[in-house]
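Please read these numbers as outputs of a predicted model, since none were measured by experiment. Only heavy atoms go into these numbers, but all of them, side chains included; no hydrogens, no water, no symmetry mates.
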Amino acid sequence: SGAQLGPLARVVTPRAAWSDLVLPEDAVAQLQEICAQVRQRARVLHEWGFDRRLSLGKGLYALFVGPSGTGKTLGAEVVAASLGLDLVQVDLAAVVSKYVGETEKNLDRIFRGAERSDAILFFDEADALFGRRSEVRDAHDRYANIEVSFLLQRLDAYEGVVILASNLAQNIDESFRRRMQFTVEFPFPSEPMRLAIWRNHVPSQTPVAPDLDLAYLAREFKIAGGNIRKIVLNAAFLAADDDGALGMGHLLKATRREYAQMGKLYPGEES
């Protein structure tokens with residue numbers, strides 16, 4: 001599938017497991033239901049005769065909604081890994097073209113490639129493509145609406161699995177939202193969830209210092225899992241360069257760097 005799609009998408013061989021997810025029980029249950037529907041697809045559609053009742057919309061479409069860094073991409077990887085399928089992550093920058101008709105051609109190529117490879121299609125920041133149609137005021141609006149209409153038709157004809165991820169569900173056109181069998185919420189993590197995420201991101205092989213206090217980090221720093229992952233990795237490199245164990249000094253230094261990169265004030269510092 002990678003050769004068929006060229007620069008339009010990246011084929012990910014998922015390695016994430018259910019234990020890597022830190023989500024509310026209902027969100028995990030919905031992800032497991034997505035996997036169950038894919039596994040039981042042949043039985044329900046063909047053996048039980050449901051395919052004769054459906055002329056279009058035989059695919060499985062899911063919308064993952066939540067703030068940045070809350071695990072939407074990880075959730076898509078876990079679903080793909082559980083099903084033993086590749087994950088085709090679409091590169092929106094390569095797909096969207098300023099030339100009339102090129103975006104539709106690129107999208108058609110992606111859907112055809114995914115159909116041939118039986119992979120899961122994953123659109124991150126999906127509102128860039130699946131956003132609300134606007135009132136037509138000029139040619140640009142008309143062509144943008146044509147792209148949305150093409151996507152609706154292509155989605156209806158697609159019989160595979162499509163996952164959209166967006167920070168805001170209301171940015172997705174209502175026509176797409178009606179077609180979603182699942183809308184899974186990925187909330188900003190609470191303190192207990194943050195503690196679990198900190199623990200998940202420190203591998204068991206990592207040497208740790210006695211002063212390591214992940215509960216303190218979870219309590220003091222209200223950040224998402226994506227930020228925590230970056231902090232732990234950067235802190236590990238600091239610890240390795242010190243030829244020592246991962247300690248609070250390394251993690252606090254990496255956390256301060258991450259806050260600066262986010263453009264946020266580090267807790268305890270004045271503006």
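- Here the side chains of V65 and L168 are not in contact, with every heavy-atom distance at 4.5 Å or above.
- Side-chain contact between L164 and F122 is absent, with no heavy-atom pair separated by less than 4.5 Å.
- For D211, there are no salt bridge (charged side-chain N to carboxylate O under 4.0 Å, His left out) partners two or more places apart in sequence or in a different chain.
- With hydrogens and angles disregarded, a donor-acceptor distance shorter than 3.5 Å links the side chain of T70 to the backbone of P67.
- Here the CD atom belonging to E104 is positioned 9.5 Å from the OG atom belonging to S149, to the nearest 0.5 angstrom.
- Within the model, atoms OG1 of T255 and CD of E258 stand 8.0 Å from one another, a figure rounded to the nearest 0.5 Å.
- Looking at V208 and V202, their side chains come closer than 4.5 Å, going by heavy atoms from C-beta outward.
- With values rounded to the nearest 0.5 angstrom, I110 atom CD1 is found 7.0 Å from L121 atom CG.
- A salt bridge is defined here as a Lys NZ or Arg NE, NH1 or NH2 lying under 4.0 Å from an Asp or Glu carboxylate O, and R179 with D156 meets this definition.
- Note: F221 and Y216 have perpendicular aromatic rings, judged against thresholds of 30 and 60 degrees for the angle between ring planes.
- In this structure, R199 places its CZ atom where only 12 or fewer heavy-atom neighbours from other residues, nucleotides or ligands lie under 6.0 Å away.
- Salt-bridge check for R154 with D108: passed, with a basic side-chain N closer than 4.0 Å to an acidic carboxylate O.
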Next item on the list: List the steps, then state whether side chain to side chain contact (heavy atoms under 4.5 Å, CB included) holds for E191 with L195.
Entry: CA-CA 6 Å; E191 182 180 329; L195 178 56; 5.8 Å; no
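- Side chains of P189 and I197 form a contact here, defined as non-hydrogen atoms less than 4.5 Å apart.
- At a threshold of 4.5 Å between side-chain heavy atoms, the hydrophobic network of Ile, Leu, Val, Met, Phe, Trp and Tyr places L214 and L238 in two separate groups.
- Pairing each heavy atom of A245 with each of A209, the nearest pair is CB-N, 3.6 Å.
- Linking ILVMFWY residues whenever their side-chain heavy atoms come closer than 4.5 Å, directly or via other members, leaves F188 and V22 in distinct clusters.
- Residues N106 and A94 approach most closely at ND2-O, 3.6 Å, considering heavy atoms.
- Counting heavy atoms from C-beta on, the side chains of K222 and R194 come closer than 4.5 Å.
- The CD atom of Q261 sits 10.0 Å away from atom CD1 of I231, with the distance rounded to the nearest 0.5 Å.
- Under the 4.5 Å side-chain heavy-atom criterion for grouping Ile, Leu, Val, Met, Phe, Trp and Tyr, V28 is connected to V78 within one hydrophobic cluster.
- Under the 30°/60° scheme for interplanar angles, the aromatic rings of Y266 and Y259 are found to stand perpendicular.
- Side chain of N234 to backbone of R229: no donor-acceptor contact under 3.5 angstrom is found.
- Remark: the Q30 side chain and the D26 side chain contain an N/O donor-acceptor pair separated by less than 3.5 Å.
- The CD atom of E102 sits 11.0 Å away from the CG atom of L107 when rounded to the nearest 0.5 Å.
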Next item on the list: Determine, step by step, whether T183 and R177 satisfy the side chain to side chain contact (heavy atoms under 4.5 Å, CB included) criterion, reporting the C-alpha distance in whole Å, the side-chain angles of both residues, the deciding distance to 0.1 Å, and the verdict.
Entry: CA-CA 8 Å; T183 298; R177 284 195 281 162; over 6 Å; no
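- Not a single side-chain hydrogen bond (donor to acceptor under 3.5 Å, both in side chains) links T206 to another residue, sequence neighbours left out.
- Across every non-hydrogen atom of L87 and P14, the tightest pair is N-CD, 4.3 Å.
- Listed for the H201 side chain is no donor-acceptor partner under 3.5 Å among the backbone atoms of W198.
- Taking hydrophobic clusters as Ile, Leu, Val, Met, Phe, Trp and Tyr residues chained together by side-chain heavy-atom distances below 4.5 Å, F182 shares a cluster with L74.
- The number of heavy atoms from other shown groups lying within 6.0 Å of CH2 (W18) is above 12.
- Side-chain atoms of E185 never come within 3.5 Å of backbone atoms of F64 as a donor-acceptor pair (strictly under, hydrogens ignored).
- For the residue pair D127 / S166, a side-chain donor-acceptor distance below 3.5 Å is found, with atom types taken as modelled.
- Across K72 and N167, no two heavy atoms sit closer than the pair NZ-OD1, 3.6 Å.
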Next item on the list: Apply side chain to side chain contact (heavy atoms under 4.5 Å, CB included) to L217 and L252, showing your working.
Entry: CA-CA 8 Å; L217 297 171; L252 291 172; 3.9 Å; yes
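- Counting heavy atoms from C-beta outward, F186 and V184 have side chains that approach closer than 4.5 Å.
- Annotation: side chain of F237 is not in contact with side chain of D242 (no heavy-atom distance under 4.5 Å).
- Distance CG/L246 to CG/L212: 5.5 Å, rounded to 0.5 Å.
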Note to self: I'd like to know whether L83 forms a side chain to side chain contact (heavy atoms under 4.5 Å, CB included) with I34, so could you lay out the CA-CA distance, the side-chain angles of the two residues, the decisive distance to 0.1 Å, and finally the verdict.
What the structure shows: CA-CA 10 Å; L83 295 169; I34 290 172; 5.6 Å; no
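- Using a 4.0 Å cut-off between charged side-chain N and carboxylate O, R112 and E115 make no salt bridge.
- Minimum heavy-atom separation, A224 to G69: CB-O, 3.5 Å.
- Nearest heavy atom pair, residue P267 against residue E220, reads CG-O, 4.0 Å.
- L85 and L31 fall within a single hydrophobic cluster, where Ile, Leu, Val, Met, Phe, Trp and Tyr side chains are chained together by heavy-atom contacts under 4.5 Å.
- The side-chain contact (heavy atoms from CB on, under 4.5 Å) with S175 is formed by just one residue from the set L155, L151, L152; it is L152.
- Taking 4.5 Å as the limit, every side-chain heavy atom of V90 sits out of range of all side-chain heavy atoms of L8.
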